[in-house]
Amino acid sequence: MSELAARNGTERAEALLRLTTRLTELIRGETQMFQRRRPQDAVALQDEKTKLANIYRSEVARARAEPSRFAGAPAAIKNTLRNTTETFHAALAENARAVTAIKVITEGVVRAIAEEAERQRNTGNGYGPGAAQRPQQTRGLSIALNQTV
């Protein structure tokens, strides 16, 4: 399903309002998981979030191309939809900040692991004050990370 089921502008506006509200709830839930440093918990939301986001994108594109899709919808519903959309966009902005924070943290951890592995690989060989460091070949570093749920 890539289009909201509606017979008229009022039903379409109400359906888009419900969809936007639910999508906002999912985004806020995901953001909370990221802020708690538990991004793996957000996996459970991905299917529904992706499905609803695709429908939302399609509906918004259709509404821009054909503004009459909401013809006949009461002004109160249109205003509520407008406010709900603003709330949704604020939730998206907060989510983006949380995603960026998780990304920075993850990159820092990976960089620290790589630097420590490199430091250990370059540890000198031999003992005592006259020990020389054996030249080592430069190799790429492979890291495997496991995700646990």
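At least one donor-acceptor pair closer than 3.5 Å links the side chain of N54 to the backbone N or O of T50. The closest donor-acceptor contact from the side chain of R38 to the backbone of M33 lies at 3.5 Å or more, if one exists at all. Looking only at distances, no side-chain donor or acceptor of E59 sits under 3.5 Å from a matching main-chain atom of I55. Checked by atom type and distance alone, the side chain of E94 never pairs as donor or acceptor with a backbone atom of A90 at under 3.5 Å.
To the nearest 0.5 Å, atom CG of residue L16 and atom OG1 of residue T84 are 9.0 Å apart. Put simply, CZ on R22 and CG on L17 are 14.5 Å apart, with the number rounded to the nearest 0.5 Å. Between the NZ atom of K49 and the CD atom of E30 there is a distance of 3.5 Å, given to the nearest 0.5 Å. The structure places CD of E115 at 9.5 Å from CD of E118, a figure rounded to the nearest 0.5 Å. With values rounded to the nearest 0.5 angstrom, L19 atom CG is found 5.0 Å from L52 atom CG. Interatomic distance, OG1 of T20 versus CZ of R18, reported as 10.5 Å (0.5 Å rounding).
Residues L81 and A13 approach most closely at CD2-O, 4.2 Å, considering heavy atoms. Across all their heavy atoms, L26 and L45 have their closest contact at O-CD1, 3.8 Å. Smallest separation of non-hydrogen atoms from T31 and A98: CG2-CB, 4.0 Å.
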Review point. Would I105 and R37 satisfy side-chain contact (heavy atoms from CB on, under 4.5 Å), going step by step from the backbone distance to the final call?
Key: CA-CA 10 Å; I105 290 167; R37 307 293 190 255; 3.2 Å; yes

task = Would you check, one step at a time, whether the test side-chain contact (heavy atoms from CB on, under 4.5 Å) holds for L92 with R28?
result = CA-CA 8 Å; L92 283 175; R28 283 182 171 161; over 6 Å; no

Under the criterion salt bridge (charged side-chain N to carboxylate O under 4.0 Å, His left out), I'd like the reasoning laid out for E116 against R119: C-alpha separation, chi angles, the key distance, then a yes or no. CA-CA 5 Å; E116 179 61 19; R119 187 188 67 73; 2.5 Å; yes

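In this structure, the side chains of E25 and T21 come closer than 4.5 Å at one or more pairs of heavy atoms.
For F88, the ring-ring contact (aromatic ring centres under 6.0 Å, His included) criterion is met by Y56, not counting sequence neighbours.
Other residues, nucleotides and ligands contribute at most 12 non-hydrogen atoms within 6.0 Å of the CZ atom of R7.
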Donor-acceptor pairs under 3.5 Å, side chain of residues 70-80 to any protein atom, not counting sequence neighbours: which ones?
{"residue": "N79", "atom": "OD1", "partner": "R82", "partner atom": "NH1", "Å": "2.7"}
{"residue": "N79", "atom": "ND2", "partner": "A75", "partner atom": "O", "Å": "3.4"}
{"residue": "T80", "atom": "OG1", "partner": "A76", "partner atom": "O", "Å": "2.9"}

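Cluster membership check: I27 shares its hydrophobic cluster with V60, using side-chain heavy-atom separations under 4.5 Å among Ile, Leu, Val, Met, Phe, Trp and Tyr.
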